[in-house]
S.K.: 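Right, I'll just put the structure down here and ask away after.
Just so we're on the same page: letters track the sequence lines, and every chain starts at 1.
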Amino acid sequence: MRLTPIRLQPLHRMFQPVRGKPDFPSMEAEIGRFWREGAIYQKSLDRRRGGKRFVFFEGPPTANGMPHPGHCLTRTIKDLYPRYRTMRGEYCERKAGWDTHGLPVEVEVCKELGIHSKAEIEAYGVEPFIHKCQESVWRYMKEWEALTERIGFWIDLSDAYVTYHRSFVESVWWALATLFDKGLLYQGHKIVWWWAQGGTALSSGEVGQGYKEVADPSVYVAFPLLDDAGRPTDRAVVAWTTTPWTLPSNHFAAVRADLDYVVLRDSSPESTAHTEARGASREVAGRAIREYVVAEPLAAALVEKTKRPLEIVGRLKGSDLVGRSYLPPFDTFRPDGPPASAARRDGGSEPAAWRVVAADFVTTDSGTGIVHVAPAFGEVDYGVLVEEQARFAPGDGPALLNCVAPDGTFTDAFPIGAGRFVKDCDRDITRDIKGRGLLVHQEQYVHDYPFCWRAENDPLIQYPRQSWFIRTSRFRDAMLANNAAIDWLPDHIKEGRFGNFLETNVDWALSRERYWGTPLPIWVCESTGKQEAVPSYAALLAKPGIAGTDVFEKAKAANPALSDDLAVHKPYIDAVTYDSPFASNSRMRRVPEVIDCWFDSGAMPFAQWGWPHAGDAAFRSQFPADFISEAIDQTRGWFYSQLAISTLLFGDNVLEDRGVLEDRGRPYPHPFRTCIVLGHMLGEDGQKMSKSRRNYKEPKVIFDTYGADALRWYFLAGQPPWTSIRYNERAIRESVPEFLLRLWNVYSFFVIYARIDGFDPSGMLDVPGELAHADLAKARGWRPAGERGELDRWMLSELNATAAEMVERLDRYDHFGAAARLSSLVEAVSNWFVRRSRDRFWAAGRADGGPETNPEKLDAYWTLYETLLAIAKLAAPFVPFVTEEIWQNLAARAFGGSARAPESIHLTTYPTGEPSLVDRDLVRWMALVREVASLGRAARAAEKLKVRQPLSKVEVILANPADGDASWLEEHADLVCDELNVKGFEICREPDRYISRSIQADLKKLGPRLGKDLPKARDAIAKADAAAVLAQLARDGRATIDWAGGSATLEPEELIVRTTAKPGWAAAEGSQAVVVIAKELTPALVAEGLVREVVHVVQSMRKSLDLDFTDRIELGFETTSADLRAALEAHQAVVATETLATRAAFEPVASGIAETHDIDGHPLTITIKKVPATKSG
RNA sequence: GCGCGCGUAGCUCAGUUGGUUAGAGCGCUACCCUGAUAAGGUAGAGGUCCCAAGUUCGAAUCUUGGCGCGCGCACCA
């Protein structure tokens, strides 16, 4: 045991002692306070002002729901890159934002009020309802802000954009007005997914969230065909539907023209009788349907289902059916008598309804190959109607048939269901059809059907509605081109999920017939119906004859707390009217709709600044984003809304025309260049996280238990960010010791001994700078790496190589790879540098640069100090708290005088690695020696020769030594001997004693050259005399291998030489070497081993007696073993030194504590007693 | 139904243009250290790389088809 005398000297600013067992959560709280009070984030920006911009967009979260661990992932990634780029010298503003509009907010308020339908909202009053919505938006604001700060997400919350704020709304108005003026915003009559109870259409994204598996009735219905005179025949086409409620609005039957159809004849007698008995429909009365027409591929299935004697009696093409009239299942809209004809554009005429048409969408996947077309309730159905209308003279074509009211109930046009919700009428409708003999078959059909995502029991229906659309489909190719220039991570998003979505783009259903959202800024002339869009509130106020603004003013007067932002919201904005420019004495009135809140979020790249009404400079410098990141669900959400709006609005050259983006250099992408798409976080059970299932912990609990750094490291280092990760508390817990604690232990070790040895950089360095390599070089007592020992040069090599690799990875957004490199660097410091440097830290002398300084010791300190600081910087974007703590103690506080170091690690520059400090050979050799040590231990373990037992010799055979490997190892014999507790080390001169060499083909190299001959060559090489081939290679530089039918001349690098230990030796083999341990034990070695064992036992006793490591002891031994006694006597000095014993004799120590131990089979009683401290140190 | 992703050790996950002996952490077992010490280290055991067929000299890796899981999409009439 070596003892460093402790003498405390007057200190400059010694490092503060470090707790061995860190309390990360409370430490993080303190760091958080320090950042807040010191305005460190602001300072990190100020420091980089003028630097290259790194533009980040915050995708606005909704603050009316509680944040969960998934949000922590997003916020961690969003924090990492801006922090990293800032440390790299770039200027990265981070403006927060909140998504505040839309259905989720309205539904929350409805729940609170205990109401549901639009009528109830109207009854409650739109004005108070809107006020409730605005308040509700901030419900969980505190939790969100707390989470943001607690996880260390640096973003400017004080200047957040808010989608309901007037400036934001006005930006959106500008965007909408621009689109309107370009003809890209239009009002269309379309089929939308309609939430009848809520009285609004929903976006596809909203619809997608509400699919549930349900069993619906599925019916096969006969549509009797008419003859040329318009009379019903006994032949019918059979259509299939899972929505019987759409049958009263039937308009066409669609077939595919090129498809084969068959006629099935029903020969069962009861079919006729049955139908006649009911005599239901007027025209069918008295007639039996005997023949059913269905698609040929589906006929067999239908026969099977109906279990009726149906025979094929005829065949025809779909085209033969096209144009035939039929009787619809209900006469809701059909007058009696033969079908009326309408005039076609081409001069001819034919019935406008209840006719068989040809359509490509007809498939034979299911059903009958004949499709019931109800244009009011299906998008493709509606398409058929539009096409048909185009064939007829204007005004004479088919009108839309619809007997369903917007509230989802049948109108009086359909008496069977009048006043009732359509889906509740399926049974009655089916019964009626059956009664009239038109029901061919019915069954239950299980499928997914959409329900309202906020009112889970309300099924959605497709419904025709006058609605506002954005003509995105016209920009499909432009959006694809824009997308092609974006760097997606993972890259399959580009061509896969997102690309596919763009390929199938449909116009954006923008309007919502709701209350809390950005009002659609379109005013309509009450007499002409002409429309115009208003781009701002100011533009509105400037309109002639403006009126109605007083409504808001009065409300404000009555309630001064009313937010001015509400002036641009319903109901106040609805009251604002002005003189029509289209007709005299007419007023312009706003349309009632608000817009899809996804448009808000997609407009944030400019709307966050209020652009173009304000914030021109900010927008110019902050567009497009270099980096955004959200979870995968945003492909159809924010990723799309941003891309679509930007592509439509800023196209290829609009921004250039405005003088924005002059230096962009390429037209696309905008508005973001790189997007990391995060995987979803699942609950502990692998299911979606849900509050009701309680399969995750609240973020706060994680922070309080493990800390934010632990969670961050778990996210960043655990897996690539796009894999869906299972929330796993154990994994979070385990991420602490693996990295954080290991780093902390090294730091703690350093501080303990730096304090002992007086290592105080501030006493040796006048200008600390950022304490990087070049700064430290100015310190007194600092020696250049080239003058330091090998271990120091190795450490600095690893450090600088790692920094370079990390930067390379982070620059391509591979934080997972960077974290792996960082982790192995910390492992190297902890398990090799510190361990191998202990002797130096414990050696005599000081490390304060004074007269007693031990230069090697000082080198060790400088090296570890530099390494720790650099690691802290490298790790700072990942784990900002613990690295700050380290920086505070080692740098900020240590240099707290007139010459200051940066006050926060986040104000320093990221290390990029200094190539001149990297010695590649040294790195390789150190890895080799570590492997030799590891193999030696493995060899010992296999022979049960514990490391405490010294052995005489270790021999190493290198498998494929490169130049200098062997001599380097020989020069480091002491190191190997020390690691393995052996007396001698040598590179084996007679390797053939211990090992045999075999050769193998290097398939990767030979494969491309030999192709099909490879197996023969491989076998020939394996069978060849390895020694002979190797000898030939050594002599000629090449060797020839023959096999039946061929031969090849091989270069040395085309062979792999494998070295295998021969049996009978204590050996272990690895990829680089075979290590052989001499297992023979001489009496002297055994004696040494016994002594080591005794020392070990004494040390354990010291520890169990809780002695301080400087306490001296007295030792007494008693043993009946002559061997043990002899060994102890021979090595008495060693025992005394190692255990800090002032005396070690073969007699009990008076009033000592005695323990009896078994020392490798030899009994030994040890008495131990602490010597009073006066004598020591 | 269509599309995207995933399936590797008991658990959580890596695996970089196809290449010979598939890795890490945790857990487990054994051992070491005892001056980072309620820490730390070393070693070991543990795998039909979901299944099948194909391409290839060679497949965890590429192709196709299954199966399972997750997510997304909707012309589910």
S.K.: What nucleotide among B:C4, B:U34, B:A36 has an atom nearest to a side-chain atom of A:Phe749?
M.R.: B:A36
S.K.: A:Arg838 near the nucleic acid: base, sugar-phosphate alone, or nothing, with a heavy-atom cut-off under 4.0 Å?
M.R.: base
S.K.: Within the structure shown, what part of the strands sits under 4.0 Å from A:Ser934 by heavy-atom distance: base, sugar-phosphate, or nothing?
M.R.: sugar-phosphate
S.K.: Can you check whether A:Arg742 has a side-chain N or O nearer than 4.0 Å to OP1 or OP2 of B:G41?
M.R.: yes
S.K.: According to the Watson-Crick and G-U wobble definitions, with both distances under 3.5 Å, which nucleotide is paired to B:G23?
M.R.: B:C13
S.K.: Using a strict 4.0 Å threshold on nitrogen-to-oxygen distance, state whether A:Arg937 and A:Glu979 make a salt bridge.
M.R.: yes
S.K.: Under 4.0 Å, heavy atoms only, any strand: does A:Thr241 hit a base, just the sugar-phosphate, or nothing?
M.R.: sugar-phosphate
S.K.: Which nucleotide, in any strand shown, forms a Watson-Crick or G-U wobble pair with B:A74, with both distances under 3.5 Å?
M.R.: none
S.K.: Write out a two-atom table: protein N or O, nucleotide N or O from nucleotides 62-64 of chain B, distance below 3.5 Å.
M.R.:
none

S.K.: Whole Å only: how far is the CD atom of A:Gln719 from the P atom of B:A14?
M.R.: 7 Å
S.K.: Using only side-chain N and O atoms of A:Ser823, determine if any of them is under 4.0 Å from OP1 or OP2 of B:A24.
M.R.: no
S.K.: Not counting sequence neighbours, which residues clear ring-ring contact (aromatic ring centres under 6.0 Å, His included) with A:Tyr706? List them please.
M.R.: none
S.K.: Quick one: is B:G41 close enough that its OP1 or OP2 comes under 4.0 Å of any side-chain N or O from A:Asn831?
M.R.: yes
S.K.: Does A:Gly378 reach a base, just sugar-phosphate, or nothing at all? Heavy atoms under 4.0 Å.
M.R.: nothing
S.K.: From C-beta outward on A:Trp240, which listed nucleotide comes closest to its side chain: B:U34, B:A43, B:C76?
M.R.: B:C76
S.K.: By side-chain hydrogen bond (donor to acceptor under 3.5 Å, both in side chains), which residues pair with A:Gln442, not counting sequence neighbours?
M.R.: none
S.K.: Between A:Glu827 and A:Arg930, is the closest basic N to carboxylate O distance under 4.0 Å?
M.R.: yes
S.K.: Partner lookup for B:A52, please. Criteria are Watson-Crick or G-U wobble with both distances under 3.5 angstrom; report none if nothing qualifies.
M.R.: B:U64
S.K.: On RNA chain B, check which nucleotide each of A:Trp744 and A:Thr246 is closest to and give me the residue with the more 5' one.
M.R.: A:Trp744
S.K.: If you go through the side-chain atoms of A:Arg497, does one of them form a donor-acceptor pair with the base of B:C71 closer than 3.5 Å?
M.R.: yes
